[in-house]
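Inspection log for the structure reproduced underneath, given as structure tokens.
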Amino acid sequence: MFRLDYAQTKSLVKAGKIAATNALRHSKALDLSITFIDKGVVYEELPNGAKNVVATIETPDNTVHTFRKGMILHAK
């Protein structure tokens, strides 16, 4: 069962940041390209520093559908 644990979440986020930093550093040292997302656009950064746009990410519709008393839900 999952429970909210602030200390564990904080340590996992810290470990993720350290792992990402190490991966970026190693990729640059090996002259590999790096793919990242910035503001809904996927970029590929080449070893010489040039950035290419790979794709754009469509954001989902964030409309919230509220349920009212007495509504009938039909499942398929």
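Computed over heavy atoms, backbone and side chain alike; hydrogens, waters and symmetry mates excluded. Residue numbers count from 1 along this sequence.
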Using a 4.5 Å side-chain heavy-atom cut-off and chaining through intermediate ILVMFWY residues, the residues clustered with L73 come out as F67, M71

Check residues 28-57 and write down every donor-acceptor pair under 3.5 Å in which the side-chain atom is one partner and the other belongs to a residue at least two apart or another chain.
| from | atom 1 | to | atom 2 | distance (Å) |
| --- | --- | --- | --- | --- |
| S33 | OG | E44 | OE2 | 3.1 |
| N48 | OD1 | A50 | N | 3.1 |

Connected to I18, directly or through other members, by ILVMFWY side-chain contacts below 4.5 Å are none

Query raised in the report: Are any side-chain N or O atoms of S11 and backbone N or O atoms of Q8, one a donor and one an acceptor, separated by less than 3.5 Å?
Result: yes

Applying side-chain hydrogen bond (donor to acceptor under 3.5 Å, both in side chains) to R25 and not counting sequence neighbours gives N22

